[in-house]
Amino acid sequence: VQETTAITVEGVAPSPKPRDGFLTVRCINRFNSSVGMTYTIGQISGFFPFVLNSTTGSFSVTQDLVYATQPRSYNFSVWCYDNLSPNLSSNASVTISVVEVDKYAPVFTPTYIFLTVDETTPVGTILASTRRDVGAFKVYNATDMDVGPQGVLYYILYYSD
């Protein structure tokens with residue numbers, strides 16, 4: 001955070017009220033905290049799917065964010081000016097990262113696995129597997145159409161009577 005005289009960028013944080021925007025920049029004049037502020041975005045280039053409310057410092061999304069086809073992060077600066085004459089200013093660097101969401105549920109084939117195990121089955125016998133090459137009694141599969149970390153499948157065995 002850079003500071004010019006009496007204006008301080010007090011915080012860049014997620015907005016407490018989502019309807020006001022997803023991110024809010026707040027500046028104050030240390031000598032006169034009741035002075036209104038005007039917020040602007042520094043120079044940006046290319047695709048920028050956000051808008052800054054010049055009065056509140058809140059950012060809103062202006063269009064759908066598509067993780068697969070759009071930039072995954074946006075770096076820019078936000079300037080704030082007090083509404084005095086001459087006005088004082090300060091700025092902060094901001095990075096907005098777009099993260100991919102989990103869109104698809106995993107699909108199991110078959111959807112239900114029922115195993116009957118003989119009491120003389122040797123310890124270490126593989127009963128069910130997602131791989132065909134391990135000689136399991138039952139082979140099942142799960143797929144997830146998501147890519148990246150959201151498409152990684154984890155298997156957990158739960159015991160119940």
Side-chain angles (χ1 to χ4, degrees), residues 1-113 128-131 134 139-160:
V1 174
Q2 296 177 352
E3 185 176 320
T4 305
T5 322
I7 302 295
T8 302
V9 177
E10 189 176 70
V12 178
S15 295
K17 300 176 187 172
R19 72 182 189 299
D20 295 337
F22 69 93
L23 175 77
T24 299
V25 176
R26 183 164 183 261
C27 295
I28 59 167
N29 181 314
R30 290 185 305 191
F31 300 123
N32 187 347
S33 61
S34 65
V35 171
M37 294 287 170
T38 300
Y39 299 88
T40 62
I41 297 174
Q43 184 176 357
I44 54 173
S45 61
F47 180 74
F48 193 76
F50 310 103
V51 64
L52 172 65
N53 182 310
S54 64
T55 304
T56 65
S58 292
F59 281 88
S60 298
V61 179
T62 59
Q63 56 189 287
D64 290 339
L65 301 174
V66 182
Y67 181 83
T69 61
Q70 296 171 349
R72 298 197 174 136
S73 67
Y74 301 86
N75 302 302
F76 55 95
S77 60
V78 174
W79 287 84
C80 56
Y81 302 87
D82 65 13
N83 295 331
L84 298 175
S85 181
N87 63 1
L88 301 174
S89 65
S90 186
N91 72 315
S93 295
V94 178
T95 298
I96 296 176
S97 297
V98 178
V99 295
E100 187 172 29
V101 296
D102 192 357
K103 297 176 190 150
Y104 304 100
V107 176
F108 279 89
T109 308
T111 58
Y112 182 79
I113 299 169
S129 176
T130 59
R131 295 176 37 195
V134 295
V139 176
Y140 64 95
N141 191 28
T143 57
D144 191 326
M145 292 177 48
D146 288 305
V147 296
Q150 287 73 22
V152 176
L153 297 172
Y154 298 93
Y155 298 92
I156 299 172
L157 181 63
Y158 288 100
Y159 171 80
S160 65

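Not a single side-chain hydrogen bond (donor to acceptor under 3.5 Å, both in side chains) links Asp64 to another residue, sequence neighbours left out. Applying the side-chain contact (heavy atoms from CB on, under 4.5 Å) rule to Val152 yields the partners Tyr154; only residues at least two apart in sequence or on another chain are considered. Legend: residues meeting side-chain hydrogen bond (donor to acceptor under 3.5 Å, both in side chains) with Ser85, ordered by chain and number and at least two apart, are absent. With sequence neighbours excluded, the residues forming a side-chain contact (heavy atoms from CB on, under 4.5 Å) with Pro49 are Phe47, Thr62, Gln63, Leu65, Tyr74, listed by chain and number. Not counting sequence neighbours, the partners of Asn75 by the side-chain hydrogen bond (donor to acceptor under 3.5 Å, both in side chains) test are Thr95. Judged as a side-chain contact (heavy atoms from CB on, under 4.5 Å), and not counting sequence neighbours, the contacts of Asp146 are Asp102, Lys103, Tyr104, Asp144, Gln150. Shown here are the ring pair (Phe, Tyr, Trp, His ring centres under 6.0 Å) partners of Phe76, two or more places apart in sequence or in another chain: Phe48, Phe59. Ser45 meets the side-chain hydrogen bond (donor to acceptor under 3.5 Å, both in side chains) test with no other residue; sequence neighbours excluded.
No hydrogens or angles considered: a donor-acceptor pair under 3.5 Å links the side chains of Asn83 and Thr38.
Here the OG-CZ distance, from Ser60 to Phe50, works out to 10.5 Å after rounding to the nearest 0.5 Å.
Although no hydrogens or angles enter the test, the distance criterion places a donor-acceptor pair under 3.5 Å between the side chain of Tyr39 and the main chain of Cys27.
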- Message: Determine whether Asn29 and Met37 satisfy the following criterion, side chain to side chain contact (heavy atoms under 4.5 Å, CB included), listing intermediate values before the conclusion.
- Response: CA-CA 9 Å; Asn29 181 314; Met37 294 287 170; 3.9 Å; yes

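Annotation for Ser77 and Asn91: closest pair CB-ND2, 4.3 Å, computed over non-hydrogen atoms.
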